[in-house]
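Report on the following structure.
This chain uses plain numbering: 1 for the first residue, then up along the sequence.
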Amino acid sequence: MFDINLFALFGQLLIGLINGSFYALLALGLAIIFGLLKVINFSQGALYMLGAFGAWMGLNYLGISYWWALFLVPLAVGAIGILCERFLIRPIANEDHLYSLLLTFGVALVLQGLFTHWYGSSGLPYAIPDELKGGFRLPFMYLPTYRAWIIVISLAVCLGTWLLIEKTKLGAYLRAGTENPQLMQAFGINVPLIVTLTYGFGVALAGFAGVLAAPVYSVSPEMGSNILIVVFAIVVIGGMGSIGGAIATGLGMGVVEGLTKYFYPEASNTVIFLVMVLVLLTKPAGLFGKEA
């Protein structure tokens with residue numbers, strides 16, 4: 001039936017896994033922020049872009065290596081997120097979700113506009129670190145070392161975050177603090193601080209993904225807006241607020257997209273949205289979401 005070129009097929013699967021790794025990290029951040037705080041963060045893509053630019057600026061202006069950027073840039077992006085939560089989102093925390101969506105959308109437009117003004121719309125190169133250059137010759141494909149690193153570290157961060165939220169006492173405090181803040185405050189838990197740090201962690205994941213993406217994609221102001229709509233579709237497919245669903249769906253949709261690029265390239269840009277429509281028609285809460 002199909003004349004399958006295994007080298008090309010596995011190459012597309014690799015691209016799908018790489019894209020899925022970024023989808024999973026960004027969707028995980030969105031799911032944490034919405035699931036625990038009920039905030040629709042439309043600036044997640046802009047913060048992903050900010051992470052990539054943070055790595056680029058750190059290297060070109062301050063001489064900060066990739067490895068230090070991988071640690072410092074997410075902290076800086078998380079700090080920006082903390083300031084946004086404290087001074088922009090908290091004052092409208094009790095309003096309809098639409099207010100937070102519009103506010104974070106405005107933040108995204110401001111950030112994208114500023115970086116377009118400063119650096120233009122063309123992409124800027126960021127070199128792969130020397131330690132991760134080269135690759136491995138596998139039976140059906142050539143696996144670049146940096147691509148393998150992206151998949152491994154993304155899986156490790158996603159799994160670690162899931163374990164932290166679902167299996168630890170700190171995660172229990174996070175969930176309880178957002179579901180019943182009055183009760184938690186009665187036990188002496190600083191709920192506003194928990195909310196702020198949770199938001200900061202969610203956007204720090206976007207900054208981390210941005211640093212990982214800098215050597216793979218051109219660092220440009222549009223890189224966040226290009227991926228954000230896809231990530232929101234993935235969050236809807238997995239179930240709004242489902243931590244495990246965001247991870248599994250992000251990786252799975254990356255693979256589906258890669259397979260579609262091989263078998264039917266014309267549909268590769270729309271297959272995720274087609275899946276979203278089918279899921280919403282059959283299971284409106286998402287594959288891993290809970291019915292209200």
| message | Could you go through Leu155 and Leu251, starting from their C-alpha distance and side-chain angles, then the distance that decides it, and tell me whether this counts as side-chain contact (heavy atoms from CB on, under 4.5 Å)? | response | CA-CA 9 Å; Leu155 285 173; Leu251 291 169; 3.3 Å; yes

| said: Other residues, nucleotides and ligands only: do more than 12 of their heavy atoms fall within 6.0 Å of OH on Tyr99? | reply: no

| message | Between Trp67 and Val211, is there shared hydrophobic-cluster membership here, with clusters defined by ILVMFWY side-chain heavy atoms closer than 4.5 Å? | response | yes

| said: Tell me which one of Tyr126, Tyr217, Tyr61 satisfies ring-ring contact (aromatic ring centres under 6.0 Å, His included) with Trp56. | reply: Tyr61

| Rounded to the nearest 0.5 Å, how far does CD1 of Ile194 lie from OG1 of Thr198? | 7.0 Å

| field | Straight-line distance of Ile92 CD1 to Leu103 CG, nearest 0.5 Å | value | 4.5 Å

| message | Does any part of the side chain of Leu259, heavy atoms only, come nearer than 4.5 Å to the side chain of Tyr264, both counted from C-beta? | response | no

| task | Please examine the side chains of Ile89 and Asn41, heavy atoms only from C-beta on, and report whether any two atoms are closer than 4.5 Å. | result | no

| task | Measure the shortest side-chain to side-chain distance between Leu14 and Ile151 over non-hydrogen atoms and say whether it is less than 4.5 angstrom. | result | yes

| field | Thr104 side chain vs Phe42 backbone, donor-acceptor pair below 3.5 Å | value | yes

| task | Give, for atom CG of Leu83 and atom OG1 of Thr196, the distance between the pair rounded to the nearest 0.5 Å. | result | 10.0 Å

| To the nearest 0.5 Å, how far apart are CG in Leu124 and CE in Met57? | 10.5 Å

| What distance do Ile33 atom CD1 and Ser43 atom OG have between them, rounded to the nearest 0.5 Å? | 7.5 Å

| field | Spacing of Leu114 atom CG and Leu109 atom CG [to the nearest 0.5 Å] | value | 11.0 Å

| said: Would the distance check show the side chain of Ser268 and the main-chain N or O of Thr260 forming a donor-acceptor pair, the cut-off being under 3.5 Å? | reply: no

